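It should be emphasised that the depicted structure is a prediction, and the values quoted were computed from it without experimental measurement. Residue numbers begin at 1 in each chain, while the letters A, B, ... track the order of the sequences.
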There are 2 protein chains.
Amino acid sequence: MRQNAVMLELAILGFLYDAPLHGYELRKRISALTGHVRPVAESTLYPAIKRLEKAGLLVRATEPGAVAAPRHVLRLTDDGRLELRRRLAEPDERDITDENRWFAVLAFLRHLDDAPAQAAVLRRRMAFLEEPASFFYDGDRPLRAEELDDPFRRGVLTIARATSRAELTWLRDTLESLGG
Amino acid sequence: MRQNAVMLELAILGFLYDAPLHGYELRKRISALTGHVRPVAESTLYPAIKRLEKAGLLVRATEPGAVAAPRHVLRLTDDGRLELRRRLAEPDERDITDENRWFAVLAFLRHLDDAPAQAAVLRRRMAFLEEPASFFYDGDRPLRAEELDDPFRRGVLTIARATSRAELTWLRDTLESLGG
DNA sequence: ACGCAATACATCGGCACCGATGTAGTGTCG
DNA sequence: CGACACTACATCGGTGCCGATGTATTGCGT
């Protein structure tokens with residue numbers, strides 16, 4: 001399974017969990033969520049929908065077109081709803097470490113509807129963020145922003161650090177309010 | 001050209017700009033730079049190297065293996081050096097909007113070695129960050145963190161906002177010191 | 001002496017990606 | 001009432017992705 005596909009399928013399942021939608025509307029919502037990072041080509045969305053349909057996670061019902069061409073309204077099956085909750089409860093390692101995929105998980109995590117399970121997922125992310133890491137190394141030793149004379153690489157580290165701090169603060173607050 | 005390929009090729013050109021490297025070392029450096037987000041499969045790296053070789057941007061010289069198997073030391077050609085500077089000076093729109101690709105540009109922007117050109121690239125990113133944007137919409141209206149009752153989606157917005165602020169601060173400081 | 005890990009490179013096959021392109025109906029503005 | 005934009009769905013083809021797998025060498029631990 002390709003990286004993109006994993007994220008795309010999660011987004012499809014996540015948006016449909018709330019309400020049935022047709023492809024075009026789905027595409028707009030996915031574009032808003034991840035579009036500036038990675039625009040969704042329609043020719044990527046439709047095959048993804050077909051894969052999920054084939055796997056029995058969603059069904060398509062053709063409705064006469066009220067505004068334009070006939071719509072295929074997409075609706076999750078019970079298996080589909082189960083599968084979304086499974087993917088949210090047991091995200092794989094890359095869902096935790098890849099920022100894009102992690103945000104996709106976060107965007108739908110409320111569907112898990114189980115505070116301890118949600119807290120467990122947040123704690124996995126917290127453990128990952130607390131590991132020391134850098135983007136640039138001197139041999140094996142991670143370089144800190146202050147050690148770089150390149151202002152652009154210093155920027156990379158400065159921004160990454162600010163993000164990481166903001167996220168850790170949010171994680172701690174949220175874990176507390178989840179009664180972790 | 002695929003999204004991933006663009007970023008991967010930039011990283012290859014960027015790391016080789018400093019010094020010739022063999023594939024294995026290149027892979028380690030790319031992994032440090034982007035690995036937690038998107039691990040580089042060796043079977044993706046080698047075809048990318050071949051593409052760049054075919055395009056005349058780098059050459060491979062076989063050296064007897066000092067430690068293990070014979071190494072193919074990769075060295076940028078003059079065309080390759082020119083091409084990196086071109087890609088840095090004229091990043092396409094997605095290099096600006098896609099966070100992953102933007103950080104790859106930043107990691108090598110010093111190679112551009114031309115303060116006004118560097119400043120122009122930073123200003124493009126600044127313009128993008130200053131556009132109002134959200135991940136979630138009520139119709140067409142972007143939703144703010146405070147309006148969401150979903151704590152996880154609120155987290156997405158809170159973290160994104162902190163990142164954006166940190167980056168804007170850094171951009172302004174750096175533009176000033178570049179004499180923009 | 002042997003196994004295992006690490007270094008270093010490489011191929012293959014199935015599938016995913018996505019730009020280009022096509023079809024068809026609806027809304028609207030001049 | 002013709003042009004154009006938008007909604008909505010769909011296919012095709014060339015290319016990239018990447019897990020699985022293979023080859024060969026060095027070197028360390030026990």
Using whole Å, what does the distance between atom [atom2] of nucleotide [N] and atom [atom1] of [X] come to?
{"X": "R27(A)", "N": "dA10(D)", "atom1": "CZ", "atom2": "P", "answer": "14 Å"}
{"X": "D92(A)", "N": "dC18(D)", "atom1": "CG", "atom2": "P", "answer": "14 Å"}
{"X": "H72(A)", "N": "dA10(D)", "atom1": "NE2", "atom2": "C1'", "answer": "10 Å"}
{"X": "L74(B)", "N": "dA8(C)", "atom1": "CG", "atom2": "C1'", "answer": "12 Å"}
{"X": "L45(A)", "N": "dG19(C)", "atom1": "CG", "atom2": "C1'", "answer": "15 Å"}
{"X": "I49(B)", "N": "dC9(C)", "atom1": "CD1", "atom2": "C1'", "answer": "10 Å"}
{"X": "Y24(A)", "N": "dA10(D)", "atom1": "OH", "atom2": "P", "answer": "14 Å"}
{"X": "K54(B)", "N": "dG16(D)", "atom1": "NZ", "atom2": "C1'", "answer": "13 Å"}

Quiz item: Would you call Y46(B) and K50(B) a side-chain contact if the rule is heavy atoms closer than 4.5 Å?
Solution: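 No, every pair of side-chain atoms sits at 4.5 Å or beyond.
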
Any side-chain N or O of [X] less than 4.0 Å from the OP1 or OP2 oxygen of [N]?
{"X": "Y46(B)", "N": "dA10(C)", "answer": "no"}
{"X": "R60(B)", "N": "dA8(C)", "answer": "no"}
{"X": "N4(B)", "N": "dC18(D)", "answer": "yes"}
{"X": "T44(A)", "N": "dC17(C)", "answer": "no"}
{"X": "H22(B)", "N": "dT7(C)", "answer": "no"}
{"X": "S43(A)", "N": "dG19(C)", "answer": "no"}

Look at all strands and tell whether [X] reaches a base, only sugar-phosphate, or nothing, counting heavy atoms closer than 4.0 Å.
{"X": "K50(B)", "result": "sugar-phosphate"}
{"X": "R51(B)", "result": "sugar-phosphate"}
{"X": "E42(B)", "result": "base"}

Exercise. Might you point out which heavy atoms bring V6(A) and D95(A) nearest each other, and give the distance in Å?
Key: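 In this case the closest contact between V6(A) and D95(A) is CG1-OD1, 4.1 Å.
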
Quiz item: Is R153(B) positioned over the aromatic face of F135(B), cation under 6.0 angstrom from the ring centre and no more than 45 degrees off axis?
Solution: no

Practice problem: Name the orientation class of the two ring planes belonging to F152(B) and W170(A) (parallel below 30°, tilted from 30 to 60°, perpendicular beyond 60°). | Solution: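 If you compare the ring of F152(B) with that of W170(A), the planes turn out perpendicular.
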
Exercise. Please work out whether the ring planes of F15(B) and F108(B) are parallel, tilted or perpendicular, with thresholds of 30° and 60°.
Key: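 Judged by the thresholds at 30° and 60°, the geometry between F15(B) and F108(B) is perpendicular.
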
